[in-house]
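This report refers to the structure that appears directly beneath it.
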Amino acid sequence: MLGQLDRSSDHRLEWLSVHDVYEVDAHRRPRSLSVRQVVRASGDDVDRVVAVHRAEAATDPPPALGELRYCRRGRARHEAGFVAFEIFFDRVLSRGDTAVVEYEIEFPGDRPIAQFYDRRFRHPVRDYLAVVRFDRRTLPARCYRYDRAGVDVPRHRTAELWVGSSGGVHIMRSGMTGGIIGLEWEWE
């Protein structure tokens with residue numbers, strides 16, 4: 001799937017920050033994911049980034065790309081619950097230039113109940129913030145932060161997190177160099 005998209009800019013980008021906001025509806029199903037990325041070009045003629053997102057299970061329908069800001073959509077591919085798409089910057093970047101990319105992913109309504117959200121890091125990221133917002137009518141009983149060295153390694157809970165009266169919980173990490181960081185929750 002990724003081989004069908006142009007990832008030639010990947011090695012000429014530095015990820016300064018990634019902010020995810022994952023929303024869970026009153027039926028405990030994923031509603032949407034909003035992503036903001038700030039990148040800096042480490043070379044010239046950089047015009048795009050490729051984003052990859054997955055469903056909770058390979059049999060789930062792929063998420064759909066919604067609204068984009070400060071960028072435009074390129075080609076998209078989906079396979080086995082994954083979706084990958086090219087995002088073109090508003091302008092071609094030269095070395096040292098930065099770009100902001102914002103996009104939303106919309107999840108089909110027939111998805112399974114959400115039990116976790118995580119991000120896999122293919123590239124180092126200076127600052128990562130993940131916010132999970134639950135519908136205030138349906139809050140989880142408990143929520144945890146976890147780390148994983150890779151997809152074949154079990155989750156390792158590192159902290160229990162408090163879901164506030166706003167219905168949100170977050171994690172923040174600086175200096176991500178690889179692996180997976182996420183949040184998981186128990187409904188009962």
Side-chain angles (χ1 to χ4, degrees), residues 1-3 5-24 30 32-43 46 48-60 62-63 65 76-87 98-105 107 111-134 140 142-163 168-186:
M1 175 179 69
L2 286 175
L5 302 176
D6 184 352
R7 295 176 45 207
S8 62
S9 294
D10 278 7
H11 70 283
R12 292 179 291 147
L13 282 173
E14 177 185 1
W15 275 258
L16 301 178
S17 68
V18 176
H19 296 174
D20 294 337
V21 178
Y22 183 76
E23 294 197 39
V24 179
S32 65
L33 171 65
S34 298
V35 177
R36 175 184 293 138
Q37 297 178 346
V38 181
V39 296
R40 179 172 37 222
S42 60
V46 179
R48 75 191 74 194
V49 65
V50 172
V52 180
H53 292 277
R54 66 177 167 73
E56 276 73 16
T59 56
D60 293 343
L65 183 60
R77 301 290 185 265
H78 60 84
E79 180 179 304
F82 283 85
V83 63
F85 47 89
E86 296 169 330
I87 300 172
T98 58
V100 176
V101 171
E102 291 184 5
Y103 60 90
E104 293 181 10
I105 300 287
F107 298 104
R111 310 258 309 186
I113 290 175
Q115 298 177 335
F116 69 95
Y117 176 75
D118 62 24
R119 179 170 281 270
R120 300 172 187 186
F121 291 90
R122 294 183 297 140
H123 309 282
V125 174
R126 279 194 188 176
D127 291 306
Y128 175 64
L129 171 68
V131 177
V132 176
R133 287 197 300 226
F134 300 96
R142 301 185 86 145
C143 188
Y144 304 93
R145 173 187 160 163
Y146 67 85
D147 294 322
R148 292 172 71 184
V151 294
D152 298 329
V153 178
R155 295 177 187 150
H156 171 70
R157 288 181 177 171
T158 58
E160 184 168 359
L161 304 171
W162 181 261
V163 179
V169 64
H170 78 276
I171 54 176
M172 172 72 190
R173 172 80 67 88
S174 295
M176 287 298 300
T177 58
I180 301 169
I181 184 172
L183 299 106
E184 65 181 334
W185 46 89
E186 300 169 357

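All figures in this text were calculated on a predicted structure; none of them were measured in a lab.
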Student check: side-chain heavy atoms of [X] and [Y] closer than 4.5 Å:
X    : Y    : value
V50  : E86  : yes
E160 : Y144 : yes
R119 : H53  : yes
M172 : S174 : yes
V24  : V132 : yes
Q37  : V49  : yes

Problem - Steps toward side-chain contact (heavy atoms from CB on, under 4.5 Å) verdict (V169, R145) - result: CA-CA 10 Å; V169 64; R145 173 187 160 163; over 6 Å; no

Exercise for the section: Using salt bridge (Lys or Arg N to Asp or Glu O under 4.0 Å) as the criterion, list what pairs up with R173, not counting sequence neighbours. Expected result: D147

Handout entry: S32 side chain vs I105 backbone, donor-acceptor pair below 3.5 Å
Key = no

Practice task
Start with the C-alpha distance between V46 and L13, add both sets of side-chain angles, then the distance that settles side-chain contact (heavy atoms from CB on, under 4.5 Å), and finish with yes or no.
Solution key: CA-CA 8 Å; V46 179; L13 282 173; 3.6 Å; yes

Completion exercise
Distance col, row D127:CG vs M176:CE, nearest 0.5 angstrom, shows 11.5 Å

Completion exercise
For G182 and D118, the nearest pair of non-hydrogen atoms, with its separation, is CA-CB, 3.6 Å

Problem - Over all atoms of both residues, closest heavy-atom pair of F107 and P30 - result: CB-O, 3.6 Å

Problem - Salt bridge R148-E184, side-chain N to carboxylate O under 4.0 Å - result: no

Fill in the blank from the handout: For V100, the side chain to side chain contact (heavy atoms under 4.5 Å, CB included) test, sequence neighbours excluded, returns R36, V38, Y70, E102

Practice task
Could you go through the side-chain contact (heavy atoms from CB on, under 4.5 Å) check for L33 and Y117 one step at a time?
Solution key: CA-CA 10 Å; L33 171 65; Y117 176 75; 3.6 Å; yes

Practice task
Classify the angle between the aromatic ring planes of W185 and F134 as parallel (below 30°), tilted (30 to 60°) or perpendicular (above 60°).
Solution key: perpendicular

Practice task
Evaluate whether atom NE2 of H170 has more than 12 neighbouring non-hydrogen atoms of other residues, nucleotides or ligands under 6.0 angstrom away.
Solution key: no

Handout entry: Close aromatic pair by centroid cut-off 6.0 Å: W15 and F121
Key = no

Exercise for the section: Identify whether NZ of Lys or CZ of Arg in R155 sits under 6.0 Å from the centre of the six-membered ring of F116 and within 45° of that ring's axis. Expected result: yes

